[in-house]
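Worth knowing before you read on, the calculation uses all heavy atoms, side chains too, and leaves out hydrogens, waters and symmetry mates. Bear in mind the structure is a predicted one, so any value in this text is a computation, not a measurement.
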Amino acid sequence: MIEKLKYIVASSLILVLTTSLVACSDDPIEPDAWDSTYVYLEKQSLGIGNPTFNLVHTANGIKGEVAVPLVLKLSKVCASDVTVTLRGAIRDSLMVQTSTKVIPAGQLFVRDTMRFTDWAFALTTKPQTEYLGAVKIVEMTPQTSGLRISPKLDSNPISVIKSFCLNLLTGEKPLGARIADRTAWVVKYAKSEKEGTIWRVTTELTDNNDESGPYSYPYLGVQVDLGSVMKVTGLEAFNSDADYSHTMCSVSVSTDGETWTDLLDGNKATIAQNQTQYAAFIKE
């Protein structure tokens, strides 16, 4: 009797453990369809959040790449080719992409990249905005009872974050009155003959009410300590001759003069040459 009881307890333990393993499995196959072959999309982030892409919005447009990597898989190899149609869409837009991929006979997976490139619809949206979307399996062939689309892993989510719009609007005078009192300012500049050179302060201008400035160099960095926190809506640049005026600029800000944040994320805004140039900063 004791031996029989041990046998029953052992059998129950095995049954419980086996049931637990099936319940916790992340396999795309349904428990009641073990004979079927499933097509599914491999998870991109191990279940932690959505794949995120970043776009930079400036007066020159919206830049950045939204290229979604995809791995299309089968739970078991097939004796014939499997053709799968994917559909990607971004909410709040008309942007829809489709792709057809073939998993060759005898193979378990194939890779693909779906690109979303037309962001013109977001040009009028000034604040930072998150756009959500997804890539989904919508169709496959051959359509047989033994080949199914996984109901659990048939789509991958997408998150696209467009930055706030910081515009350097060529020729548009900034809003607000020009700051007349510049006696507390400290202005420094550095000159460089090569683009990309990390500029270091070489000269300090102390008479800041003087309209004159440094002579022209191919690449010039100007650092202005305003003396206190101020709202700056743009810049005015005065040049002795339009032929020597600036052609591009970028803007960075700092609270300590050591750590700088590039407001254009490494991009440069083009400025039309003129004797007097305006660049307006807009952040909404």
- Are any non-hydrogen side-chain atoms of Leu123 and His57 less than 4.5 angstrom apart? yes

- Query: If you round to the nearest 0.5 Å, how far is OG of Ser163 from CG of Leu55?
  - Reply: 8.0 Å

- Are Leu226 and Leu235 linked, directly or through other ILVMFWY residues, by side chains that come within less than 4.5 angstrom of each other? yes

- Of all pairs that satisfy salt bridge (charged side-chain N to carboxylate O under 4.0 Å, His left out), the ones with a partner from residues 106-122, not counting sequence neighbours: Glu65-Arg115

- Message: Restricting to non-hydrogen atoms, name the atom on Asp243 and the atom on Asp241 that form the minimum distance, rounded to 0.1 Å.
- Response: N-OD1, 2.8 Å

- Verdict with reasoning, Thr183 to Asp181, per side-chain hydrogen bond (donor to acceptor under 3.5 Å, both in side chains): CA-CA 6 Å; Thr183 55; Asp181 183 5; 2.8 Å; yes

- Please tell me if the side chains of Val110 and Val102 come closer than 4.5 Å, counting only heavy atoms from C-beta onward. no

- Item | Straight-line distance of Lys173 NZ to Thr233 OG1, nearest 0.5 Å | 10.5 Å

- Point-to-point distance, once rounded to the nearest 0.5 Å, from CH2 of Trp185 to OG of Ser228: 10.0 Å

- Taking every heavy atom of Glu139 against every heavy atom of Gln143, the minimum-distance pair comes out as OE2-NE2, 4.0 Å

- Message: Are Val96 and Trp119 connected into the same hydrophobic cluster when the rule is that any two of I, L, V, M, F, W, Y join if their side-chain heavy atoms are below 4.5 Å apart?
- Response: no

- Item | Rounded distance [0.5 Å steps], CE in Met140 versus OG1 in Thr85 | 11.0 Å

- Message: Quick check: closest heavy atoms across Ser150 and Tyr40, and the distance to 0.1 Å?
- Response: CB-CB, 3.7 Å

- Do Ser75 and Thr37 have side chains that get closer than 4.5 Å, going by heavy atoms? yes

- Message: Tell me the closest heavy-atom pair linking Val251 and Asp262, and the distance in Å.
- Response: O-OD1, 3.4 Å

- Query: Among the clusters formed by ILVMFWY side chains lying less than 4.5 Å apart, do Ile179 and Val224 turn up in the same one?
  - Reply: yes

- Under a single-linkage definition using a 4.5 Å side-chain heavy-atom cutoff for Ile, Leu, Val, Met, Phe, Trp and Tyr, are Phe164 and Ile161 assigned to the same hydrophobic cluster? no

- Query: Where is the tightest heavy-atom contact between Ala67 and Phe53, given as atom of each residue plus distance?
  - Reply: O-CE2, 3.3 Å

- side-chain contact (heavy atoms from CB on, under 4.5 Å) involving Ala122 - partner list, sequence neighbours excluded: Ile62, Tyr131, Lys162

Please output the side-chain donor-acceptor pairs of residues 86-94 that fall under 3.5 Å, not counting sequence neighbours, one pair per line with the distance.
unit_1, atom_1, unit_2, atom_2, d
Ser93, OG, Ile90, O, 2.8
Ser93, OG, Met95, N, 3.1

- Leu153 versus Leu41: any side-chain heavy-atom pair under 4.5 Å? no

- Can you name the closest pair of heavy atoms from Val82 and Cys78 and give their distance? CG2-SG, 3.9 Å

- At what distance, to the nearest 0.5 angstrom, does CG of Asp225 lie from OG of Ser254? 9.0 Å

- Are a donor atom and an acceptor atom from the side chains of Thr276 and Asn274 found within less than 3.5 Å of each other? no

- Asp81 side chain to Ala105 main-chain N or O, any donor-acceptor pair under 3.5 Å? yes

- Message: Would the distance check show the side chain of Asn156 and the main-chain N or O of Glu42 forming a donor-acceptor pair, the cut-off being under 3.5 Å?
- Response: yes

- Item | Side chain proximity check, Val138 to Thr98, heavy atoms < 4.5 angstrom | no

- Task: Could you check Ile137 against Leu72 for side chain to side chain contact (heavy atoms under 4.5 Å, CB included), going step by step and ending with a plain yes or no?
- Result: CA-CA 9 Å; Ile137 301 172; Leu72 194 60; 3.8 Å; yes

- Note on the structure: d(Asn54 CG, Gln128 CD) to nearest 0.5 Å is 8.5 Å

- Would you say the side chain of Asp154 lies within less than 4.5 Å of the side chain of Lys136, judging by non-hydrogen atoms? yes

- Task: Applying side-chain hydrogen bond (donor to acceptor under 3.5 Å, both in side chains), run through Glu130 and Ser159 and close with a yes or a no.
- Result: CA-CA 7 Å; Glu130 181 180 23; Ser159 172; 2.5 Å; yes

- More than 12 heavy atoms from other groups under 6.0 Å of CZ on Phe109: no

